[in-house]
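First up is the structure itself, then whatever we jot down about it.
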Amino acid sequence: PIEPPSPQEHGLDFQRLLDASAYKEMFRQDMIRWGEEKRHTDPGFFCRAAVEGALQPVWVVSDTRRLSDVEWFRNTYGDVVQTVRVVATEETRKRRNWVFVAGVDDAESECGLDQGVAFDWVITNDGDEVALGKQLEMLVQSLHRNL
């Protein structure tokens, strides 16, 4: 069986792996490779782990990366699933210090949902806090109506 790459076993700083630092980038491809191997063996592995023990009436599952993730949630929970895509222009992303890395940023883990998903909500986050707040308020109101 494939075991998760434990930060402790490899002497890695777990908190630094969570941010957008150069430190994380050194290990990013290995983390992606492990995730791909795990998904190949069991496409629902990470989805089940995300909802394990969840009892709240509304869950926010952030950062799904693949069509198989969206399909798993829709197949498992049906019409109650609401998909939300957050977008920003490339210019905005560059202002936030994003730099394209070939072989990483064009991999399925980064762009697997760029096609093939009809999102229920598309939220634009280009730095306009008022516009972002209005969009999020509409989403929250919709969720409350459907509880």
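Just so it is clear, the values below take in all heavy atoms, side chains as well, and ignore hydrogens, waters and symmetry mates.
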Indicate yes or no: at least one non-hydrogen side-chain atom of [X] is less than 4.5 angstrom from one of [Y].
| X | Y | result |
| --- | --- | --- |
| N125 | V87 | no |
| T64 | F46 | no |
| R85 | I123 | no |
| R74 | D79 | no |
| L132 | E129 | no |
| E108 | D114 | no |

Minimum heavy-atom distance [X]-[Y], with the two atoms named:
| X | Y | result |
| --- | --- | --- |
| P43 | D69 | O-OD1, 4.4 Å |
| G127 | R96 | N-NH2, 3.5 Å |
| F73 | V81 | O-CG2, 3.4 Å |
| A102 | D106 | C-OD1, 3.8 Å |

Checklist entry - For R95, which residues count as a salt bridge (Lys or Arg N to Asp or Glu O under 4.0 Å) partner, sequence neighbours excluded? => result E91

Item to check | Any donor-acceptor N/O pair, T92 side chain to A88 backbone, under 3.5 Å | outcome: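 Answer holds: no.
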
Item to check | Main-chain N/O of T89 paired with D126 side-chain donor or acceptor, under 3.5 Å | outcome: yes

Can you hop from [X] to [Y] via hydrophobic side chains spaced under 4.5 Å?
| X | Y | result |
| --- | --- | --- |
| V122 | L113 | yes |
| W72 | V80 | yes |
| V140 | W121 | no |

Checklist outcome for this item: Taken to the nearest 0.5 Å, the spacing of C47 SG from R39 CZ works out to 7.5 Å

Checklist entry - Do R48 and D42 meet the salt-bridge criterion of a basic N to acidic O distance under 4.0 Å? => result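 Looking at D42 and R48, the cut-off is met.
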
Next on the checklist: Determine whether V84 and D120 satisfy the following criterion, side chain to side chain contact (heavy atoms under 4.5 Å, CB included), listing intermediate values before the conclusion.
Outcome noted: CA-CA 6 Å; V84 180; D120 299 301; over 6 Å; no

Item to check | side-chain hydrogen bond (donor to acceptor under 3.5 Å, both in side chains) contacts in which one or both residues fall within residues 132-143, not counting sequence neighbours | outcome: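 Applying side-chain hydrogen bond (donor to acceptor under 3.5 Å, both in side chains) to every pair that reaches into residues 132-143, excluding sequence neighbours, yields E137-Q141.
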
Checklist entry - Can you check side chain to side chain contact (heavy atoms under 4.5 Å, CB included) on F100 and E90, steps first, answer last? => result CA-CA 10 Å; F100 178 83; E90 191 169 322; over 6 Å; no

Next on the checklist: Suppose we call two aromatic rings close when their centres sit under 6.0 Å apart. Are Y77 and W59 close by that rule?
Outcome noted: yes

